[in-house]
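Presented below is the structure to which this report refers.
The analysis underlying the following values was restricted to heavy atoms, covering all of them including side chains, and did not include hydrogens, waters or symmetry mates. In the text below, chain A, chain B and the rest are named by the order of the sequence lines, each starting its count at 1. Model, not experiment: these values are computed from the prediction.
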Amino acid sequence: MNRGVTMAEQRKLPSRQENYSEWYNQVVLRAELADYSPVRGCMVIRPYGYALWENIRDALDRRFKATGHVNAYFPLFIPMSFIEKEKEHVEGFAPELAVVTHGGGKKLEEPLVVRPTSETIIGHMYAKWIKSYRDLPVLINQWANVVRWELRTRLFLRTMEFLWQEGHTAHATAEEAEEEARRMLDVYEDFLQNDAAIPVVKGQKSNIEKFAGALRSYTVEAMMGNTWALQSGTSHNLGQNFAKAFNIRYLDRNNELQYVWTTSWGMSTRVVGAVVMVHGDDQGLRLPPRLAPIQVVVVPIWRKDADKSPVLDAAYNLTRALREAGVRVHLDDREEHTPGFKFNEWELRGVPLRVEIGPRDVENRQVVLARRDIPGKAGKSAVPMDEIVPRVQEMLETIQQSLFDQAKAFMEANTHTVQTYEEFKEVLATRGGFIRVYWAGSDEDEIRIKEETKATIRCYPFDHDGSEGTCFYTGKKTNRVAIFARAY
RNA sequence: CGGGGCGUGGCGCAGUCCGGUUAGCGCACGGCGUUUGGGACGCCGGUGUCGGAGGUUCAAAUCCUCUCGCCCCGACCA
């Protein structure tokens, strides 16, 4: 079948240029981040992918704790009637609910919904717990799985079950709730930019795109390698909608009964997909050092038997020194694969830095460092053995920054401004990317644009200076700016 | 739910049109040996209810009927 095709060619990934979604699937599967499950639309997160998720989770959790939040856990099953209490919320979620109708061999009196999100059950509990202004604010987060009956699924980006965190807070005033919603959006931005090396556009969701039941939704939007947008985290100011639906009230200082103001905010395993798509190249994954399960892989090389043990000893000592310095390091001493094979494999799996050590290096008391973010010889450098720990640490920081800079440059290069709808369609069809426009259109206009071009409003960006311009679609004067893009 | 495609060892496929030996190839996997600075090689070995059910036939992966599952494209979405 494959006669005349070399081994290296057979094992190559499809290029991103050629077939972006096939590239994505192959990277996720072959890097062993995840695998398909026997149930359509679900996925298995494999140890390597889960280790990445654990690092994401820990980085976020640290930030949540630092901003005064505590973790708790609410149940998976929610009474059907709860979902129905908030009008917009039901309408938004009804089509994608998984419902349990039977238990213990009997039909249930009231069907149970498998949570698609937990506003309702948490609202119910808050109504019980909150009595006085002294009980506020309530700042709770939970790490959980949720289920949404999706029709078209993609590994990490959209699966029927996914892992996430959902923060749910209750406040005495509208101002405090707004402040909280914005603060958590900043936390997401900080995490994405500093740990995931993913630049984002921060802004508010349009009425069409906002969360079902929210007053306002905020979002951090990232640009994937094919210039599509991915909503990578959201934060909602829920106003008093859920407080009214679940009767969450407190007595204020004047002994008057008031509804609380609530927020919710979430980030999911979807960001794993974002990391893959933002940083990946035709060799595979490129993981930012702060999130990489393995930051450094050591590959020993020898030719003659006599070289084997000096090389392995040096590799072992090196590995131990790095581990003791707190570097997540792996020694690949498998004998059934050649160094070349290992180079390719660890590149596919996105390890940021590789240390090569062979007889020549042992003799010269040095090692070779190879950076994942700079392909081939250009990314290689020799480092004296006794400087290895500081040089590796420094190099990891450099790589972290370099990945961010590359992603940022890419996002900027693919962000366009247009004045007219004709121009909009033209840019979208030929170059894609984020399209920044003055916008005074209606909900109906937004839907029509989506139907005609598949582009949606990703957000009204916060970075707009407020100056006035002409809406590209309606021709009206406005000081609102919107970013449109194709999105996952 | 509408349109298109596919089910053959773990994975990717050939064989199906035109029925006929023991169903074949690559990869992966196991053993032994030689190898190892960018995807090593040799020898040996294991692996199949040909998606399922029924039918036609001396004979079915191949023909017929029914059925199940999956993938891709269109209406919803962290």
Side-chain angles (χ1 to χ4, degrees), chain A residues 1-13 19 21-22 25-26 29-30 35-36 38-41 91-97 116-117 144-154 156-166 188 205 208-212 217 219-221 230-236 264-274 283-284 299-305 307-308 311-312 332-348 354 356-362 367-368 370 375-377 379-380 382 447 450-451 454 456 487-488:
Chain A
M1 241 241 103
N2 285 315
R3 262 182 277 275
V5 179
T6 67
M7 177 81 67
E9 281 163 339
Q10 277 181 50
R11 290 173 190 266
K12 262 215 162 56
L13 288 165
N19 188 345
S21 44
E22 192 47 30
N25 286 335
Q26 290 291 320
L29 294 171
R30 287 170 54 177
D35 203 349
Y36 292 107
V39 177
R40 194 191 115 71
E91 287 170 6
F93 282 103
E96 49 187 66
L97 292 180
T117 179
N145 59 339
V146 287
V147 169
R148 299 178 187 180
W149 211 264
E150 300 289 350
L151 300 175
R152 296 202 57 196
T153 58
R154 274 157 107 358
F156 288 111
L157 302 177
R158 178 164 299 109
T159 47
M160 295 213 306
E161 178 190 7
F162 57 91
L163 305 184
W164 75 346
Q165 61 62 219
E166 45 180 326
Y188 289 147
K205 280 292 179 193
I208 298 285
E209 298 280 330
K210 81 173 173 61
F211 177 75
S217 288
T219 177
V220 275
E221 298 284 327
L230 184 79
Q231 177 178 311
S232 302
T234 45
S235 181
H236 315 291
S264 68
W265 26 276
M267 188 173 266
S268 71
T269 37
R270 181 183 248 197
V271 296
V272 173
Q283 308 308 314
V299 179
I301 300 158
W302 68 86
R303 193 182 286 278
K304 292 171 295 193
D305 254 3
D307 291 331
K308 180 174 168 180
V311 165
L312 278 177
D332 187 355
D333 57 2
R334 289 175 297 175
E335 299 199 21
E336 64 270 28
H337 292 296
T338 62
F341 179 93
K342 294 176 185 176
F343 295 171
N344 283 285
E345 182 171 76
W346 292 113
E347 280 167 14
L348 171 67
R354 178 175 73 239
E356 306 175 12
I357 178 158
R360 293 205 297 272
D361 303 308
V362 172
V367 296
V368 172
K377 262 204 142 82
K380 290 196 185 190
I447 291 166
K450 181 178 180 178
E451 280 167 1
K454 292 182 176 169
T456 51
Y488 278 100

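Using a 4.0 Å cut-off, no side-chain N or O of A:R30 falls inside it from OP1 or OP2 of B:C11. Between A:K454 and B:G74, a side-chain N or O to OP1/OP2 separation shorter than 4.0 Å is present. Taking 4.0 angstrom as the limit, A:T338 places a side-chain polar atom (N or O) nearer than this to OP1 or OP2 of B:A40.
Taking atom CG of A:N344 as the reference point, atom P of B:U36 lies 18 Å away to the nearest angstrom. Look at CG on A:L13: it is 15 Å from C1' on B:G12, rounded to the nearest Å. Put simply, CD on A:E150 is 15 Å from P on B:A75, counting in whole angstrom units. Whole-Å rounding puts the A:L97 CG to B:C76 P distance at 17 Å. Whole-Å rounding puts the A:E335 CD to B:A40 P distance at 15 Å. Residue A:E91 contributes atom CD, which lies 15 Å from atom P of B:C76 at whole-angstrom precision. Regarding A:L29, its CG atom lies at a distance of 21 Å from the P atom of B:C27, rounded to whole Å. Distance CZ (A:F343) to P (B:G37): 8 Å, rounded to an integer number of Å.
Within the shown strands, B:A40 is the pairing partner of B:U34 under the Watson-Crick or G-U definition, both distances less than 3.5 Å. When Watson-Crick and G-U wobble pairs are counted only if both distances are under 3.5 Å, B:C50 pairs with no nucleotide at all. Pairing partner, B:G69: B:C6, with both Watson-Crick or wobble hydrogen-bond distances short of 3.5 Å. The nucleotide B:G20 finds its pairing partner in B:C58, both defining distances of the Watson-Crick or G-U wobble pair being shorter than 3.5 Å. Under the Watson-Crick or G-U wobble criterion, with both distances below 3.5 Å, B:C1 is paired with B:G74. The base-pairing partner of B:C29, taking Watson-Crick or G-U wobble contacts with both distances under 3.5 Å, is B:G45.
If you check every strand for non-hydrogen atoms under 4.0 Å, A:P359 touches a base. Contacts of A:R354 with the nucleic acid, taken as non-hydrogen atoms under 4.0 Å apart, include base atoms. Across all strands, A:E356 comes closer than 4.0 Å to base atoms (heavy-atom distances). If you check every strand for non-hydrogen atoms under 4.0 Å, A:G266 touches nothing. Heavy atoms of A:V368 sit under 4.0 angstrom from at least one base atom.
The P atoms of B:G31 and B:G37 are separated by 23 Å, rounded to the nearest whole Å. For the C1' atoms, the distance linking B:G9 with B:C25 amounts to 12 Å, nearest Å. Between B:C50 and B:C11, the distance separating the two P atoms is 16 Å to the nearest Å. Going from the C1' atom of B:G12 to that of B:U49 covers 22 Å, rounded to whole Å. When the P atom is compared between B:C43 and B:G4, the two are found 48 Å apart, to the nearest whole Å. B:G48 and B:A23 have their P atoms separated by 11 Å, with the value rounded to a whole Å. For B:A60 and B:G19, the C1' atoms lie 6 Å apart once the distance is rounded to whole Å. B:U62 and B:G26 have their P atoms separated by 25 Å, given to the nearest Å.
A donor-acceptor contact under 3.5 angstrom links the side-chain atoms of A:E347 to the base of B:G38. One cannot find a donor-acceptor pair under 3.5 Å joining the base of B:G37 and the side-chain atoms of A:K342. Taking 3.5 Å as the limit, the base of B:G74 and the side chain of A:R152 contain no donor-acceptor pair of atoms between them.
Atom CD1 of A:I301 sits about 9.0 Å away from atom CD1 of A:I357, to the nearest 0.5 Å. Remark: A:L312 CG to A:D333 CG distance equals 6.5 Å, nearest 0.5 Å. Here the CD atom belonging to A:E166 is positioned 10.5 Å from the OG1 atom belonging to A:T234, to the nearest 0.5 angstrom.
For the pair A:S21 and A:S232, nearest-nucleotide mapping onto RNA chain B gives the more 5' position to A:S21. Nearest-nucleotide positions on RNA chain B for A:N25 and A:M160 put A:N25 closer to the 5' end.
Screening A:R30, A:K342, A:R354 for a salt bridge (charged side-chain N to carboxylate O under 4.0 Å, His left out) with A:E347, the sole residue that qualifies is A:R354.
Between the A:R270 side chain and the A:L230 main chain, no donor and acceptor come within less than 3.5 Å of each other. Side-chain atoms of A:R148 never come within 3.5 Å of backbone atoms of A:M160 as a donor-acceptor pair (strictly under, hydrogens ignored).
Ring geometry for A:H337 against A:F341 counts as parallel: the plane angle stays under 30°, on a 0 to 90° scale with 60° as the upper cut. Using the six-membered ring where Trp is involved, A:W265 and A:Y188 have ring planes that are perpendicular, over 60° apart on the 30 and 60° scheme.
Aromatic stacking of A:F341 on B:A40: not satisfied for centres closer than 5.5 Å together with planes under 30 degrees.
Closest contact between the side chain of A:R148 and the listed nucleotides B:A78, B:A75, B:G37 involves B:A78. Closest approach to the A:I301 side chain among B:A78, B:G39, B:G37 is made by B:G37 (side chain taken as heavy atoms from C-beta onward). Across B:G37, B:A78, B:U36, the shortest atom-to-atom separation from the side chain of A:W302 is found for B:U36.
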